[in-house]
Q: 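My questions will all concern the structure given below.
No experiment lies behind these values; they were computed from the predicted model shown. Each ligand, and each atom within it, is numbered from 1 in the order the structure gives. Atoms considered below: every heavy atom in the structure, side chains included; atoms not considered: hydrogens, waters and symmetry mates.
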Amino acid sequence: MADPWQRLVVEHVRGPLLVVGGPGTGKTSTLVEAVAQRVADGEDPESILVLTFGRRGASRLRDRIEARLGRSSGLRTTAEPMVRTFHGYAFGLLRRAAVDRGEASPRLLTGPEQDLVIRELLPESGAPWPEALRSALNTRAFATELRDLLLRAVERGVGPDGLAALARVHRRSDWSAAAIFFREYLQVLALRDATGRGSVAYDYAELVRAAAGMLADDEDLLARERNRLRYVYVDELPDTDPAQVELLELVAGNGKHLVAFADPDSSTFAFRGADPAIVNDFEQYFPGAVQVTLPHSRRLGEGLLAPIGRVAARLRGPSRHRAMLPQRAGGSVETRTFASETSEAAFIAHRLREAHLLRGIPWARMAVVVRSTARQLAPLQRALHTAGVPTTTEAEDLPLHLQPAVAPLLLLLRCALDDARLDEDAAVALLHSALGGADPLAERRLRQGLRALALAAGDRRPSGLLLLAALRNPAELAMVERRWAAPARAVAGLLQQARDAAARPGATAEEVLWAVWHAGGLAERWSALSARGGHRGAAADRDLDAVVTLFDAAARFTDRLPGAGTDVFLDHVEGQDLPADNLAPMADRGDAVRILTAHAAKGLEWDVVAVAGVQEGVWPDLRLRGSVLGSELLVEVLAGRTMETIGRLSALLDEERRLFYVAVSRSREQVLVTAVASGDGEEQPSRFLIELSIDDEQPGFEAPRALTLPTLVAELRVALVDPDAPEERRAAAAALLARLAQQEVPGADPGGWWGLPALSDERPLVDPGEPVQVTPSTVESVERCSLRWLLERHGGALTPSPEQSIGNLVHAAAMLAADASADRAQLVAYVADRFDAIELSARWLAGRERDRAETMLDKLIGWLAGNPRRLVAIEQDFLVELADPEAPVEIKGRVDRLELDEHGRLVVVDLKTGKSIPANANLAEHPQLAAYQAAIELGAFEESSVAGGAALVQLGGETNTAREQVQPPLGEADDPNWAQALVQRTAKTMAASTFSAVVNNKCRVCPVKTACPVSGKGRHVT
Ligand code: SF4
């Protein structure tokens, strides 16, 4: 090791030493070297103990030491693992002592098990809980709060009496009730141990304190342990809690060899009881300790140190170690804000692809760090996948119940056990999950099928209720087309399997889960995908891992709590908000960008790190933890710090800032920090992002072409066919496309370009000599844009909106009203009876829309009262021929109302329920009304062939009364034949072989604009 400070540490063999260093200063490497040196010096590996935090941390450190020892041929097997977590070491001590005494091995009580004991005990407890808390006593959240309070008390050596005393001093009636509960809880555990398996059960906090207590009480045992351990190393010292420090003091205090490594700025586990004050107080606990500060940052280059240092400068606590010296140039920090999460994700995807494709950085050497995977993971993962960035989320980074493969299984079990949980949201989630396999189109088709069948039987329930009914009773799906019904059938079958399995006497959670898993057939599907490899294979691997972990959790749960039902297991899994400990062997993830939380990122490093979603309110997350029973407050009180809310908030802000510091200091080369700054001010970038920013003014980011093959091919094709592009550019595009086509890149070979083959059919739409049927409403749309008319007629039309459906319903009711004597109640009842059949975007709109429909009916009745004409017919069909020497034309349609005016002329009245109303100035040329008049004059109705004009009656809009808009009689026009000429022209356009896109004022709402060459949304197909 070239660095003299690191050498100093490696060579240290006597007394306590505190090694302090910022991120990337080589603390862990120095620890590994020191251990290797001891072994190389001939020390017995059994005499060396390395303590660290978390199973993952321990396993990583173990791997590194083994790799290092393997290289120096000092590797040998030891009876006691050299690298332990504090809990693992404490458990080992207790177990060894129990074995020596001939007693059964102790057991570890997991958090959820503790919750369960607490929840069982709470209703029977005699603790006088304050009135305000009583209603919360049987909730899971309260049990978790209470567990936290007890854990923090135990970690700090406070028993029931101590807690009661603190309650008196600080006048907290909840602590005083908790103290009584605490005593009962300990008695119940002791009783269980005595009557149960004969082994003592410890929870996590008790474990370390019990081991320390045992050593303190047994001088011989302590002497043996101190004798055995000649060298003790501790990684991540600031993450220790007081109980751990006490244990450390016993085995490595009193001047023994101890080397502890610390970055005081990286303590991020206060919510688990960690107390970083140990770094300052190290010498008090370990008198005579010397301190070494590692000054060289190997990870952070010059360009990273300065901006990241700005965040560090705001952290409280010792600061000497922050003045790090870079070991190399380079490194950059980029901070950006975006108008939306979508553009934020697009930016991250672009930068990651850039690093991979242009700088050759493997995906696995990049990471995206977020504050919380529960909130941010899914949208990020989706966006990165879409942009062609492979990602991986390791099971241990996400709570088990949120894993995409596990969540639907749990939801299904929940719905099977408790029918009230099966609501529309749950049904849709299950249909769209891997268990149902439906996509949005399939869901829509299923809803439509169920509605159509129900309506035919006079059932007007909305599709959501029909969906739920079908999942409860799959017989309802019998008449729905098989492929659309399949997902619902699958989910309904699995729900039944789960109900049956849970109803068997003595059924365990594991058995119920197995019944569903086995019936779902996912194991075979995912295994096949996994075998195929690629991104989908990796995703299937991940899903299988998560399910194995779930089964493992179910097996352990059943083993520990044999009598507990499946619902308790679901509570247990859903209550685990921290990432699950994954015991399943992890499949090879391949080369992928890892998405993980800042907590999980601690101790790791990558070349490129994006820290995403750095929003105010999310990061810092200043919600006071443990606030119901004040567990964090207890910690502060016991540490002699302030009890004020403001002080606690400030401590929380410090911890959040340290977490952010950890996140931005994980990269060797490039750090991207991003947030959303929405225009409405709802989303604001975090203060941390601003502290890190170099400039107040950030340059805007225009995402260039995505660095993917499909976009490259698309760009080359556009360049190739652009008539304005310079010849060399087009030739270069052609040459590149040819190379890509040789490599069989999809879309590069012109043989597959849709626009190049000759037209498949050049014949006109209507064969010569065949009559062309024109309806009055068609005239207007064909006249406006014949391409839109053609595409809408052949499948491009939208399904009617809820507003249009309500208009149609009013229209239908209006057919019952001949004149002003119409029975309003009958019309309203007609609408009300059919109203539920309309799919509104939200049910709460129903009242408003019903009022709107009634208002239209009132306007109709009002208009009828003032209408001077006589009714001839309502909803009258007609068909009339228009002689044309070139091609026969028929005008066909149905009029809402046919009326006679005082001169005996026929007037067609068309009722309108929409909101848009034509300008009066355009009425004289209104195509639809003109076509009606032309039909009258051609003899469509026997009453008369003289048109007295035509009228639109507007029932929609904001006015209180109906508005009648009249087109004068054709006979009064300058050219009385203009309407027939218009119909003939329309017929010719409709029968042609080519159709034109004509820009008009309705283009904005055109449903086929993505297929239109002039809309700007559509594209040429080359
Ligand atoms: S966008 Fe306009 S021009 Fe294009 S098809 Fe639609 S209506 Fe016609």
Side-chain angles (χ1 to χ4, degrees), residues 440-441 444 714-715 717-718 721-724 753-766 772-805 807-808 841 887 889 891-893 910 912-932 934 952 954 956-957 965 967 978-979 981-1022:
L441 177 70
R444 201 179 155 93
E715 194 170 297
R717 283 169 62 168
V718 168
V721 297
D722 181 1
D724 300 329
W753 300 357
W754 291 357
L756 289 188
L759 285 178
S760 58
D761 193 342
E762 292 188 31
R763 286 173 300 161
L765 208 57
V766 179
V772 184
Q773 270 192 353
V774 178
T775 63
S777 56
T778 319
V779 179
E780 186 166 2
S781 52
V782 174
E783 274 290 293
R784 199 186 299 123
C785 173
S786 63
L787 177 66
R788 175 172 173 177
W789 167 79
L790 180 82
L791 295 178
E792 284 197 295
R793 190 177 149 189
H794 291 90
L798 294 175
T799 47
S801 66
E803 287 73 22
Q804 283 168 322
S805 300
N808 293 343
S841 48
V889 177
I891 311 178
K892 183 177 189 249
D910 197 44
K912 296 285 186 197
T913 53
K915 285 182 187 154
S916 75
I917 295 175
N920 281 344
N922 298 334
L923 276 177
E925 292 173 0
H926 194 275
Q928 187 182 2
L929 295 181
Y932 282 131
L952 301 174
Q954 303 288 356
Q965 296 181 294
Q967 183 176 63
W978 74 269
L982 171 67
V983 173
Q984 278 170 319
R985 196 169 69 229
T986 303
K988 274 204 188 76
T989 310
M990 287 168 63
S993 53
T994 56
F995 295 83
S996 308
V998 182
V999 176
N1000 60 80
N1001 60 1
K1002 295 259 168 48
C1003 284
R1004 201 174 49 81
V1005 290
C1006 171
V1008 296
K1009 59 182 162 213
T1010 50
C1012 166
V1014 300
S1015 68
K1017 306 272 177 203
R1019 286 281 165 88
H1020 269 292
V1021 183
T1022 57

Q: Provide, to 0.1 Å, the distance between atom 7 (S) of ligand 1 and the closest protein heavy atom, together with that atom's residue and name.
A: Asn1000 ND2, 3.4 Å
Q: Are any side-chain N or O atoms of Gln954 and backbone N or O atoms of Ile917, one a donor and one an acceptor, separated by less than 3.5 Å?
A: no
Q: Would you check if the side chain of Ser786 reaches a backbone N or O of Ser996 as a donor-acceptor pair within less than 3.5 Å?
A: yes
Q: Do you know the tightest heavy-atom contact between Cys785 and Val998?
A: SG-N, 3.5 Å
Q: So, at under 2.8 Å, which protein N, O or S atoms would a careful student list around atom 4 (Fe) of ligand 1?
A: Cys1012 SG
Q: Using the test side-chain contact (heavy atoms from CB on, under 4.5 Å), find all partners of Asp722 that sit at least two apart in sequence or belong to another chain.
A: Asp724, Ala725
Q: I'd like to know whether Leu982 forms a side chain to side chain contact (heavy atoms under 4.5 Å, CB included) with Glu783, so could you lay out the CA-CA distance, the side-chain angles of the two residues, the decisive distance to 0.1 Å, and finally the verdict.
A: CA-CA 9 Å; Leu982 171 67; Glu783 274 290 293; 3.5 Å; yes
Q: Using modelled atom types and a 3.5 Å cut-off, is there a donor and acceptor pairing between side-chain atoms of Gln965 and backbone atoms of Leu923?
A: no
